[in-house]
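Proteins come first, then strands; the chains are lettered A, B, ... in the order of their sequence lines, and each starts at number 1.
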There are 2 protein chains.
Amino acid sequence: MIAEADPWVAMGDPSRRRIVRLLAAGPSSVAELADVLPISRPAVSQHLKVLKAAGLVDVRPQGTRRIYQVDPAGLQALRAELDGFWGQAMANFVELTNRHTKENEA
Amino acid sequence: MIAEADPWVAMGDPSRRRIVRLLAAGPSSVAELADVLPISRPAVSQHLKVLKAAGLVDVRPQGTRRIYQVDPAGLQALRAELDGFWGQAMANFVELTNRHTKENEA
DNA sequence: TGAACCCGTAAGTCGTAGCTTACCGTTCGT
DNA sequence: ACGAACGGTAAGCTACGACTTACGGGTTCA
């Protein structure tokens, strides 16, 4: 498995973000996605492979078709990491503000 | 301005995510970042350029050095878009669940 | 003013991501 | 069992992103 499993890298590609947006609106098959997107069906397939490896989408075989949908857990993981960044940045901000205030008080 | 201004693309690169992580812990100069990271100083400079274009970091010239720090607004924007995906996905989920329940009731 | 630092940019190389066409396995309908 | 959809994979091409080294512009301190 040399495949890319990083959700951030997966979301970095505009086409994949568009796919996620479409799937967030409702599950759909590969052909349905390819019909809307300006890329070929195999390209969509490859993007879905990356998104699946990143844990952002799920597959549900249904007859001859494969229905894809977003995996809330994947988005949640991204949110968690992003909140981590944000929280740390804010904590650092208030600390700097406090220090600055104290310096001005002195 | 051919520069890349997409925050998602900016966060897609591991080195840049690491820089954001470092800056979230506290502001620092380019040399300080390059000292920690396994890449050259110009490489860090280029990454910072992308992050700045994406609105994820801010610069504050201080003497001969340039102090970089995260821009909370940029992270907030990412959070907002991510929450949009999540909310839509969840709404779609409960709708599907309701429909499924109704079908089973009928 | 000149030396020493910090940093951004230019130029060039290398790897790889994203796309295409072609092909093949699988599943349903008749 | 045959043909048709649906979709994943292989092979190959092209473009771009992430590095590197080399250079130049500012700012500080003697």
First locate atom CG of A:Asp58, then atom CD1 of A:Ile67, and finally report the distance between them rounded to the nearest 0.5 Å.
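Atom-to-atom, A:Asp58:CG and A:Ile67:CD1 are 13.0 Å apart.
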Distance (rounded to the nearest 0.5 Å) between B:Asp35 CG and B:Arg41 CZ:
12.5 Å
Between [X] and [N], is there a contact of a side-chain N or O with OP1 or OP2 at under 4.0 Å?
| X | N | result |
| --- | --- | --- |
| B:Arg66 | C:dC6 | no |
| B:Ser40 | D:dA18 | no |
| A:Arg41 | D:dG8 | no |
| B:Ser29 | C:dC6 | no |
| A:Tyr68 | D:dC6 | no |
| A:Arg65 | C:dT26 | no |
| B:His47 | D:dG17 | no |
| A:Ser45 | D:dC6 | no |
| B:Thr64 | C:dC5 | no |

Checking all strands, does B:Ala43 fall into the base, sugar-phosphate, or nothing category for heavy-atom contacts under 4.0 angstrom?
base
Counting distance only, does the side-chain N/O of B:Arg17 pair as donor-acceptor with the main-chain N or O of B:Met11 below 3.5 Å?
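Present.
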Test item: B:Arg16 side-chain N/O and B:Ala10 main-chain N/O as donor-acceptor pair under 3.5 Å
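Yes; at least one donor-acceptor contact below 3.5 Å.
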Residue closer to the 5' end of DNA chain C, A:Gly63 versus A:Gln46 (nearest nucleotide):
A:Gln46
Is there a donor and acceptor pair closer than 3.5 Å between the side chain of B:Gln62 and the base of D:dT27?
no
Return the value, rounded to whole Å, for the distance between atom CD1 of A:Ile39 and atom P of C:dG18.
10 Å
Can you tell me the distance, in whole Å, between the CG atom of A:Leu33 and the P atom of D:dC6?
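Whole-Å distance recorded here is 13 Å.
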